[in-house]
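Everything below concerns the one structure shown next.
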Amino acid sequence: MTFTFSKKEKLKSQKLIEHLFSQGKTVVAYPLRLVYIETTFGDDVRAKVGVSVSKRHFKHAVNRNRIKRLMREVYRLNKGDYFNNSSTQYALMILYIGKDGTDFETINSKMRLLFDKFIKETSLD
RNA sequence: CAAGUAAUUCGCCUUAUCGCUCAAGUUUAAUAUUUGGGAGGAAAGUCCGAACACCAUAGUGCAACAUAGUGGUUAAUGGCCACCAGUCGUGAGGCUAGGAAAAGUGCAACAGAAAGUAUGUACAGGUAAUGCUGUAGUGAAACCAGGCAAACUCUAUGUGGUGCAAUGUCAUGUAUACCAACGUUUGAGGGCUGCACGCUCGAUUGUUGGAGGGUAGACAGCUAAAAUGUGCUGGUAACAGUACAUUCAGAUAAAUGAUAAGGGCUUUUUCUUUUUAGAAUUCUUUUCUAAAAAGAAAAGUACAGAAUUCGGCUUAUAGAUUUACUUGCUUA
């Protein structure tokens, strides 16, 4: 039921992104890094997510697109396990900080690890 | 058949599951659902030329930059086509930095005494005397001469700037020029404070409304056009004209994807089988070598992702494909 990933779940507001990078907290599971912050949206969604890949490490747009698509796909398939019971709303930004190419399996396992850490951090607060 | 030259076309496919985005229809409080569309030959580099938009703009000259045989083509070009010349190649063809050296400045590897403020050596001639004269020698070139303009320069021609993050429309919040109404030196309002009193600042003022400006954001620009395909006509060609058909991405932290299974294609290696040829042999057979075909396994399946739109150029690219031509060999 929750495998969709529509426009409303994407992080698009420039203001919010600036706020996120200046105030947000960080969790790392190499080669991924998650920046997150509690916030509120007008919409009825639990989290808004953006993904990013450094232009410095991946010169060609094809490779950047490939990694961003993989990250979005993995988030789409796994988000039900982490956000269904959450009551607060989060703005998230997932960054790929590795320098080499990757595949679906590594991104999948690393992102599950990343969100395990994220859940642990937020439940402590 | 082999080696090559010039061009052409293509550049993975199918199914299942889960998604993304745009348009249209139906439907809701959010939305849901149906149907259809959804990357390239270079979308890349951003190197030329245009369209379009805004800004600037009397005229002329200088500077800077670009171009450089002749003719044609185009919306335009520094692109493209044809021809001439030079040059490389046996050839098909390739390449060209193809204006000017009697305007001036500068440069010239190797060789050579010296590549212009010079004149050495040897021999010969000549003089009062002297590189004064000739020859030899080096070199592409050795003094009333030439080469180089991928050196400055000169000549001719051309060029305003910024790019869709252009530009236009709407506009929440915050601060506020200006205008109006109301309040206010008989103290409005602010600060200290939970409130009152009190203290203090205080007319460059407070509240409300209008209005302007235009940040977040939204919409337009924004995809039907110098469009694409096929045929015919004109032209050596680039290209032009014409008839018919087609509608073919519009995202914006930026869609066009992910996973699984199967199939193509390619190359090399390994293994197996079959056929042919040759060699060895105990001449039924067996073994070895070479070539071809089939099958199996493994590996590979490129370069690369629209961002206002076109015409070019340049660069990257696994592999496949077709056409024309050249050279060599063989056969008739």
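By convention in this document, chain letters (A, B, ...) are assigned in the order of the sequence lines, proteins followed by strands, and residues within each chain are numbered from 1. As the structure is a computational prediction, the values presented were derived from the model and not from experiment.
Within the 3.5 Å criterion, the main-chain N or O of Ile119(A) finds no donor-acceptor partner in the side chain of Asp116(A).
Mapping Ala61(A) and Glu73(A) onto RNA chain B via the closest heavy atom, the residue that lands nearer the 5' end is Glu73(A).
For the pair Phe104(A) and Glu73(A), the minimum side-chain heavy-atom distance is below 4.5 Å. A 4.5 Å side-chain heavy-atom check between Tyr36(A) and Val27(A) finds at least one atom pair inside the cut-off. Contact of the Ile94(A) side chain with the Val49(A) side chain is registered, since non-hydrogen atoms from C-beta on lie closer than 4.5 Å.
Checking each of Val74(A), Leu70(A), Leu34(A) against Met111(A) for a side chain to side chain contact (heavy atoms under 4.5 Å, CB included) leaves exactly one that passes, namely Val74(A).
The nucleotide G86(B) finds its pairing partner in C95(B), both defining distances of the Watson-Crick or G-U wobble pair being shorter than 3.5 Å. Under the Watson-Crick or G-U wobble criterion, with both distances below 3.5 Å, A149(B) has no partner in any strand shown. Across all strands shown, the partner of G278(B) is C288(B), judged by Watson-Crick or G-U wobble contacts whose two distances both fall under 3.5 Å. With a cut-off of 3.5 Å on both Watson-Crick or G-U wobble distances, the partner of G40(B) is given as C303(B). Of all nucleotides present, only C10(B) satisfies the Watson-Crick or G-U wobble test against G319(B), with each distance under 3.5 Å. Base pairing of G217(B): its partner is C170(B), meeting the Watson-Crick or G-U wobble criterion (both donor-acceptor distances under 3.5 Å). A64(B) is paired with U159(B) under the criterion used here, namely a Watson-Crick or G-U wobble arrangement in which both key atom distances are under 3.5 Å. With a cut-off of 3.5 Å on both pairing distances, U204(B) has no Watson-Crick or G-U wobble partner at all.
Taking atom CD1 on Ile107(A) and atom C1' on U259(B), their separation rounds to 15 Å, with Å as the unit. Taking atom NZ on Lys79(A) and atom C1' on C18(B), their separation rounds to 13 Å, with Å as the unit. Between the CZ atom of Phe104(A) and the P atom of U259(B) there is a distance of 6 Å, given to the nearest Å. Between the CG atom of Leu77(A) and the P atom of G257(B) there is a distance of 16 Å, given to the nearest Å. Straight-line distance from the CZ atom of Arg64(A) to the P atom of G257(B): 17 Å, rounded to whole Å. Atom CG in Asn108(A) sits about 14 Å away from atom C1' in A260(B), given to the nearest Å. The interatomic distance linking Asn63(A) (CG) with A302(B) (P) rounds to 12 Å, in whole Å. Atom CE of Met71(A) is separated from atom P of C20(B) by 18 Å (rounded to the nearest Å).
For the atom pair Met93(A) CE and Ile37(A) CD1, the distance stands at 12.5 Å (nearest 0.5 Å). In this structure, OG on Ser52(A) lies 6.5 Å from NZ on Lys68(A), to the nearest 0.5 angstrom. Rounding to the nearest 0.5 angstrom, the gap separating the CZ atom in Arg64(A) from the NE2 atom in His60(A) is 9.5 Å. Taking OH from Tyr90(A) and NZ from Lys25(A), the interatomic distance works out to 8.5 Å, rounded to the nearest 0.5 Å. Atoms CZ and NZ, from Phe115(A) and Lys79(A) in turn, are 10.5 Å apart once rounded to the nearest 0.5 Å. Here CZ of Arg112(A) is found 10.0 Å from CG of Leu77(A). Values are rounded to the nearest 0.5 Å.
Nucleotides U157(B) and A44(B) place their P atoms 39 Å apart, quoted to the nearest Å. When the C1' atom is compared between U8(B) and C84(B), the two are found 30 Å apart, to the nearest whole Å. For the P atoms, the distance from A7(B) to U96(B) is 13 Å, rounded to whole Å. Atom C1' of U174(B) sits at a distance of 49 Å from the matching atom of A227(B), rounded to the whole Å. A304(B) and U323(B) are spaced 32 Å apart, taking the P atom of each and rounding to whole Å. Across the C1' atoms, G79(B) and G93(B) are found 23 Å apart, a figure rounded to whole Å. If you take atom P in G300(B) and the same atom in G89(B), they sit 45 Å apart, rounded to whole Å. A42(B) and U9(B) have their P atoms separated by 9 Å, given to the nearest Å.
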Distances under 3.5 Å only, N/O to N/O: pair up the protein atoms with those of nucleotides 249-253 of chain B.
from, atom 1, to, atom 2, distance (Å)
U252(B), OP1, Lys7(A), NZ, 3.3
U252(B), OP1, Lys12(A), NZ, 2.9
U252(B), OP2, Lys7(A), NZ, 3.3
A253(B), O2', Leu11(A), O, 2.7

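Among the atoms of the strands shown, only primed sugar atoms or phosphate atoms (P, OP1, OP2) are found under 4.0 Å from some heavy atom of Arg66(A).
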* For each nucleotide in nucleotides 39-44 of chain B, reading 5' to 3', give B when a protein heavy atom comes within less than 4.0 Å of its base, S when such contact involves only the sugar-phosphate, and - otherwise. => B-----

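When every heavy atom of Ala29(A) is checked against every heavy atom of Leu113(A), the shortest pair comes out as CB-CD2, 4.2 Å.
A donor N or O paired with an acceptor N or O is found under 3.5 Å between the base of C18(B) and the side-chain atoms of Arg76(A).
In this structure C248(B) sits in the syn conformation; its chi angle is within 90° of 0. Shown here, A211(B) is classed anti by the O4'-C1'-N9-C4 or O4'-C1'-N1-C2 angle, which is more than 90° from 0. Taking the syn range as angles within 90° of 0, the glycosidic angle of G79(B) is outside it, so the base is anti.
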